[in-house]
Amino acid sequence: MFARLRENIAVVFDRDPAARSTWEVMTCYPGFHALTFHQLAHGLWRANFKWLARLVSHFSRFATGIEIHPGATIGRRVFIDHGMGIVVGETAIIGDDCTLYHGVTLGGTSWNKGKRHPTLERGVIIGAGAKVLGPITLHAGAKVGSNAVVVKDVPPNATAVGIPARIVADDVAQAREAKAEKMGFSAYAISSKMDDPMVQAIHGLVDHSTNIDARIELILRRLESLGVNCAEERATADKFDANYLNRIVD
């Protein structure tokens, strides 16, 4: 138990530059407190003291704003930053070296007994406000962007963003990984330049429509040079403002 406590303190210094002292972490970090309470609650749960385990987790929620069911399995060196509003369900499994930011939900999508909450393998990072729902697996090294809603498995070392979450293109993910390696840690799972795949698709459609309009304009000019009256076609043409559409998508 004391080895786990030392690890939980050390990981704060690894991933939070604001941490200044061990005493500060032990007294002022709700994520550390929630994980410590969970160790006690989970031990009671496994010893079949279910009510007492729930009482400990209920007090932990009251004290920290972090709700972790005592049945949830949490590995070593897990880091909870800020933590307010985090919810972790009964059958959730969080592997070693994972990171959760405030507002994260590891929730279920069924009232049936059995495995109904997510599994996070080693080194998963989930950004603020993200929802990971159902008995899915986020494989080792996966990242989930802030406010994403994940309902499908995420492959190893992939990054998922959006609602519903989609996997970011490999070239963008590689650029993020390169930046993360320089920083030593990938805070909030995404960088400021990482576009939602849906936004990228819409930009592509807008650009394609612009290209089609340009080709139609060339056709009309060629017809007019041949003496064809195209005034009606020009008068009834749609006004397509690609710049405006790209701005509102961003």
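The residues of the chain are indexed from 1 along the displayed sequence.
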Do [X] and [Y] land in one hydrophobic cluster if side-chain heavy atoms of ILVMFWY residues count as linked below 4.5 Å?
X: I216; Y: L218; result: no
X: I9; Y: W23; result: no
X: F49; Y: V56; result: yes
X: L55; Y: L40; result: yes
X: M84; Y: I80; result: no

Spacing of H58 atom NE2 and W51 atom CH2 [to the nearest 0.5 Å]
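Output value for this atom pair is 10.5 Å.
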Any chance you could measure K152, atom NZ, to I167, atom CD1, to the nearest 0.5 Å?
10.0 Å
Donor-acceptor under 3.5 Å ([X] side chain, [Y] main chain):
X: R166; Y: P164; value: yes
X: H38; Y: A72; value: yes
X: H69; Y: G89; value: no
X: K143; Y: N157; value: no
X: E121; Y: H139; value: no
X: E217; Y: D213; value: no
X: T105; Y: G107; value: no
X: T91; Y: H117; value: yes
X: H102; Y: I86; value: no

Kindly indicate whether the side chain of I125, heavy atoms from C-beta on, has any atom under 4.5 Å from the side chain of R15.
no
Does any non-hydrogen side-chain atom of H42 lie less than 4.5 Å from one of P70?
no
For a side chain to side chain contact (heavy atoms under 4.5 Å, CB included) check, start with the C-alpha distance between F79 and L35, then their side-chain angles and the critical distance, and finish with the verdict.
CA-CA 9 Å; F79 178 52; L35 291 171; over 6 Å; no
Is the number of heavy atoms from other residues, nucleotides or ligands within 6.0 Å of [atom1] ([X]) greater than 12?
X: R221; atom1: CZ; value: no
X: F59; atom1: CZ; value: no
X: K50; atom1: NZ; value: yes

Minimum heavy-atom distance [X]-[Y], with the two atoms named:
X: C98; Y: G123; value: SG-N, 3.9 Å
X: I74; Y: R4; value: O-NH2, 3.4 Å
X: A41; Y: S57; value: CB-N, 4.3 Å
X: W45; Y: A53; value: N-CB, 3.6 Å
X: D16; Y: Y29; value: OD2-OH, 2.9 Å
X: P30; Y: I66; value: O-CD1, 3.7 Å

Does R122 come within less than 4.0 Å of D96, counting only side-chain N to carboxylate O?
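Answer for the salt bridge query: yes.
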Evaluate I136 against V150 for side chain to side chain contact (heavy atoms under 4.5 Å, CB included), listing each step before the verdict.
CA-CA 9 Å; I136 61 176; V150 185; 3.8 Å; yes
Sort out for me which residue in R116, R54, K113 forms a salt bridge (Lys or Arg N to Asp or Glu O under 4.0 Å) with E90.
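Going through the options one by one, the only one that passes is R116.
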Per side chain to side chain contact (heavy atoms under 4.5 Å, CB included), D153 is matched among T119, L138, T137 by T137
Among V132, L120, D81, find the residue that satisfies the side chain to side chain contact (heavy atoms under 4.5 Å, CB included) test when tested with L100.
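Of the listed residues V132, L120, D81, the side chain to side chain contact (heavy atoms under 4.5 Å, CB included) partner of L100 is L120.
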From CA spacing to verdict: side chain to side chain contact (heavy atoms under 4.5 Å, CB included), L106, V87:
CA-CA 6 Å; L106 304 182; V87 176; over 6 Å; no
Please evaluate residues V11 and V78 with respect to the criterion side chain to side chain contact (heavy atoms under 4.5 Å, CB included), reporting the C-alpha separation (whole Å), side-chain torsions for both, the decisive distance (0.1 Å), and the verdict.
CA-CA 8 Å; V11 79; V78 171; over 6 Å; no
